**Q** 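Pasting a structure here, questions to come.
Remember, predicted model here, so these are calculated numbers, not experimental data. Each chain gets a letter, A, B and so on, in the order its sequence line appears, and its residues count up from 1.
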Amino acid sequence: MISLHLASIGQTKAHQYVVRFLVGGLCTVVAGVIGKHWGPLVGGLFLAFPAIFPAGASLIESHEKENKKKIGQDGRTRGRLAASIDSAGAALGSIALIVFAITSWLLLSIRSAASAILIATLAWVVTAVLLWQLRRHRIFRGI
Amino acid sequence: MGEVIFRFLIGGTVVSVFAVLGDVLRPKSFAGLFGAAPSIALATLGLMVYQHGNQYAALESRSMVLGACAFLIYVSTTSYSLRRFSAPTLVTTLALLPIWFAVVVGLYKLST
């Protein structure tokens, strides 16, 4: 069952939010600079750069370690496993990212930019959720 | 300079929003989907359309398909490595980042 775990917001330290904001902003600027210098074909590659992924996965590991520490256990293995599960989710998300890119590529030529980007975003959401449901029910039931 | 600052703020905000979504959603495998959200693309494509038009943004999206394929290989390798080896997550994710670059360069060479 999908749920919101709002307590996680409090677990994330202020500097971790700042780091993600800075990395996200920096990667967007770099993607733009690369596009300007080498053109859209090279610049476009960086629209799918795993900018925030290392920081996000590392954060999940540290949250898991902290939770285990509270009950006096060593959470290193558990932390890595949680990050691994998060990465497996990101693998499904990246298939949806391919769908996003194909959709926006095809629609930007024939529709308004706003509708093309909106439809591509919806395609990402639908594909990601469908793939997650498929994996949950057929392959990794119980995770 | 103004454009760079604007791009930075938009990028930081969009990436942060998706990151927070990934933080608060459960189970973890579902939250993981947001690790591959089109955050940089959403922050960039609108600006590209505004500055260069739809065709330019469409070309960027076409190349993004290759970047996303490289992303898939990178995160799949990361997931396997985190299960298989004992290095900390940050070390693993950063050490494997060259895989993204290698795959993206290879796919780009094949496609041009």
**Q** Between B:S79 and A:S87, is there a donor-acceptor pair closer than 3.5 Å when you use the side chain of the first and the backbone of the second?
**A**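 Pair absent, no side-chain N/O of B:S79 close to backbone of A:S87.
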**Q** Please classify the contact between B:S86 and chain A as side chain, backbone, both or neither, with a heavy-atom cut-off of under 4.5 Å.
**A**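 Backbone plus side chain of B:S86, per the 4.5 Å heavy-atom cut-off to chain A.
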**Q** How are the rings of A:F49 and B:F101 set to each other: parallel, tilted or perpendicular (split at 30° and 60°)?
**A**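 A:F49 vs B:F101 ring planes: tilted.
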**Q** Most heavy-atom pairs under 4.5 angstrom with chain A, which of B:R62, B:H52, B:M48?
**A**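 The option with the most such pairs is B:R62.
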**Q** With the side chain counted from C-beta on, respond yes when A:F21 and B:L9 share a heavy-atom pair under 4.5 Å apart, and no when they do not.
**A**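 A:F21 vs B:L9: side chains touch.
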**Q** Between A:F53 and B:T78, is there a side-chain heavy-atom distance shorter than 4.5 Å?
**A**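 Touching, per the 4.5 Å side-chain cut-off.
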**Q** If I compare all heavy atoms of A:A83 with all of B:T89, which pair ends up nearest, and what's the gap?
**A**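 Heavy-atom minimum between the residues: CB-OG1, 3.5 Å.
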**Q** For a side chain to side chain contact (heavy atoms under 4.5 Å, CB included) check, start with the C-alpha distance between A:F46 and B:V104, then their side-chain angles and the critical distance, and finish with the verdict.
**A** CA-CA 9 Å; A:F46 287 84; B:V104 101; 5.7 Å; no
**Q** Step through the shown structure and confirm whether more than 12 heavy atoms of other residues, nucleotides or ligands are within 6.0 Å of CZ on B:F85.
**A**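 Check passes, neighbour count above 12.
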**Q** Which residue pairs satisfy the side chain to side chain donor-acceptor pair (under 3.5 Å) criterion with at least one member in residues 116-130 of chain A, sequence neighbours excluded?
**A**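 For residues 116-130 of chain A, and leaving out neighbouring residues, there are no side chain to side chain donor-acceptor pair (under 3.5 Å) pairs at all.
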**Q** Give a yes or no on whether the backbone of A:R111 and the side-chain of B:N54 come within a donor-acceptor separation of less than 3.5 Å.
**A**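 Answer holds: yes.
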**Q** Measure B:V75 against the heavy atoms of chain A and call it side chain, backbone, both or neither at under 4.5 Å.
**A**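 Both backbone and side chain.
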**Q** List, one per line, each side-chain donor-acceptor pair under 3.5 Å for residues 33-43 of chain B, sequence neighbours excluded.
**A**
none

